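The structure under discussion appears below in the form of structure tokens.
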Amino acid sequence: MSIDVLIPTCGRPAALAVTLCSLLSQTWREFRVIVSDQTDGPHVADAGEVRAAWRVLQAQGNPVEFHHHLPNRGMAEQRQFLLEQSRTPFVLYLDDDVILEAGVLERLLRAIRNERCGFVGAALTGLSYLHDVSPQEQHIEFWNGPVQPDLVQPHSPAWNRYKLHNAANVYHLERRLALPPGEYRTYKVACIGGCVLYDAAALRALGAFEFWRDLPPRHCGEDVLAQLRVMARFGGCGLLPSGVYHLELPTTIPDRSANAPLLLPVLSGGNDVRSRRLA
């Protein structure tokens, strides 16, 4: 297997089943799925819709592992636990409430191999915003060459790149760009949520999500902080077309007062911004 798909979940069996089903159609078939469930009560793996999707994936040759991982110490620890179960060179952190078009895994893997960077992500589109066209939020900075290390600090000018991933902005950009089938463009990001493929060695080199010990259990932004650190040293980018859609369910983390990139530094010991291309 070349990719482990790492899915953190909590109390969302129906949404998880939808996400698992969207993996069934992927054109890239060499992947394993690892699910870490922090539901208090019945394990999501016991839900009928989840078991059905699980059986089909296994029948197609894609192993699925479920872990009922308690106690809940927060999302950063959950993500670290998932990484510790992985043995592949690339790991895809995938939210439990998304739908992927058929070519997403293959496109992400091709891009990260070509760019030799720390991560490549596909931004989520909320199609309920399909008619909300906001050109003032659709400024995009393409990488017109290899992806390079890129230091982005919260509240810096580059931080405003996050607006590109609001609502359906990415979807509208894709339609306007009209890339031929099989082509993609990389672009600069502040962060990217929901569907991010990492070079596992790059992520581990910067401590991955070990910083969970420095955060209160109820926190958010742990994925953002990890990306900022990886991007500063190894580079990271977004990818168009994206092909990933959000189920637009209520968040399972309503308390967002402890925001990891605002509490912990982007640059930590050994995390310099010199260009260091991956092998």
Side-chain angles (χ1 to χ4, degrees), residues 3-37 39 44-45 47-64 66 75 79 82 90-112 119-132 164-175 177 179 181-182 184 189 191-198 223 238-253:
I3 299 175
D4 277 340
V5 180
L6 310 180
I7 306 178
T9 192
C10 183
R12 282 178 163 178
L16 176 63
V18 170
T19 300
L20 292 175
C21 284
S22 74
L23 292 171
L24 294 172
S25 64
Q26 291 304 301
T27 54
W28 183 263
R29 300 308 313 165
E30 296 180 26
F31 66 88
R32 175 176 62 149
V33 180
I34 305 174
V35 179
S36 178
D37 174 27
T39 305
V44 292
E49 61 267 46
V50 174
R51 295 189 72 83
W54 174 8
R55 292 188 190 105
V56 180
L57 279 164
Q58 300 246 117
Q60 289 189 350
N62 300 109
V64 183
F66 283 92
M75 280 300 301
R79 292 183 187 276
L82 281 163
F90 300 101
V91 293
L92 177 73
Y93 277 97
L94 188 65
D95 282 1
D96 65 353
D97 58 348
V98 299
I99 299 174
L100 281 67
E101 291 181 353
V104 171
L105 283 189
E106 185 172 2
R107 188 161 56 243
L108 289 171
L109 185 60
R110 181 156 55 95
I112 201 169
F119 71 82
V120 175
L124 276 54
T125 290
L127 286 180
S128 68
Y129 295 92
L130 187 60
H131 301 295
D132 179 6
L164 178 62
H165 296 156
N166 289 342
N169 289 333
V170 165
Y171 182 88
H172 293 136
L173 275 171
E174 288 176 10
R175 296 313 183 263
L177 196 59
L179 290 171
Y184 66 80
V189 297
C191 58
I192 195 161
C195 182
V196 181
L197 183 69
Y198 288 90
D223 52 342
L239 205 63
L240 289 181
S242 166
V244 185
Y245 304 92
H246 196 214
L247 296 186
E248 302 185 66
L249 300 177
T251 180
T252 58
I253 308 174

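Keep in mind that what you see is a predicted model, and the values were worked out from it rather than measured. Along the sequence shown, the residues carry numbers beginning at 1.
Between A111 and L239, the shortest heavy-atom contact is CB-CD1, 3.8 Å. V35 approaches L82 most closely through the heavy-atom pair C-CD2, 4.2 Å. When all heavy atoms of D132 and A167 are compared, the closest pair comes out as OD2-CB, 4.4 Å. The two residues I192 and A123 make their nearest non-hydrogen contact at CD1-N, 3.6 Å. Between A53 and A17 the shortest heavy-atom distance is CB-O, 4.2 Å. Across all non-hydrogen atoms, the minimal contact from E174 to L240 is CG-CD2, 3.8 Å.
With rounding to the nearest 0.5 angstrom, the CZ atom of R51 is 12.5 Å from the CG atom of L20. Here I112 contributes atom CD1 and I3 contributes atom CD1; the two are 9.0 Å apart, rounded to the nearest 0.5 Å. For the atom pair CG (L94) and CD1 (I7), the distance works out to 5.0 Å, reported to the nearest 0.5 Å. Put simply, CG on D4 and CD1 on I34 are 4.0 Å apart, with the number rounded to the nearest 0.5 Å.
Judged as a side-chain contact (heavy atoms from CB on, under 4.5 Å), and not counting sequence neighbours, the contacts of A168 are T125, Y129, Y171, H172. Residues passing the side-chain contact (heavy atoms from CB on, under 4.5 Å) test with Q58 are W54, P63, V64, sequence neighbours excluded. Residues passing the side-chain contact (heavy atoms from CB on, under 4.5 Å) test with A15, sequence neighbours excluded: R12, D97, L247, L249. When the ring-ring contact (aromatic ring centres under 6.0 Å, His included) test is applied to Y198, the partners found at least two apart in sequence or on another chain are Y93, F119. Applying the ring-ring contact (aromatic ring centres under 6.0 Å, His included) criterion to H165, with sequence neighbours excluded, gives Y187. D37 meets the side chain to side chain donor-acceptor pair (under 3.5 Å) test with T39, H43; sequence neighbours excluded.
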Show your working on side chain to side chain contact (heavy atoms under 4.5 Å, CB included) between L100 and L23 and close with a plain yes or no. CA-CA 7 Å; L100 281 67; L23 292 171; 4.3 Å; yes
Steps toward side chain to side chain contact (heavy atoms under 4.5 Å, CB included) verdict (L57, F31): CA-CA 10 Å; L57 279 164; F31 66 88; 4.2 Å; yes
Could you go through the side chain to side chain contact (heavy atoms under 4.5 Å, CB included) check for R29 and N62 one step at a time? CA-CA 7 Å; R29 300 308 313 165; N62 300 109; 2.3 Å; yes
Yes or no on side chain to side chain contact (heavy atoms under 4.5 Å, CB included) for C195 and V98, after CA distance, side-chain angles and deciding distance? CA-CA 8 Å; C195 182; V98 299; 5.7 Å; no
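A 4.5 Å side-chain heavy-atom check between T19 and D95 finds every atom pair outside the cut-off. Using a 4.5 Å heavy-atom threshold, the side chains of F66 and V50 count as touching. Taking the side chain as every heavy atom from C-beta outward, P241 and R107 approach each other to under 4.5 Å.
Considering Q26, E30, R110 in turn, Q26 is the only one that fulfils the side chain to side chain contact (heavy atoms under 4.5 Å, CB included) rule with L105.
When atom types are taken as modelled, the side chain of Q60 and the backbone of S25 share no donor-acceptor pair closer than 3.5 angstrom.
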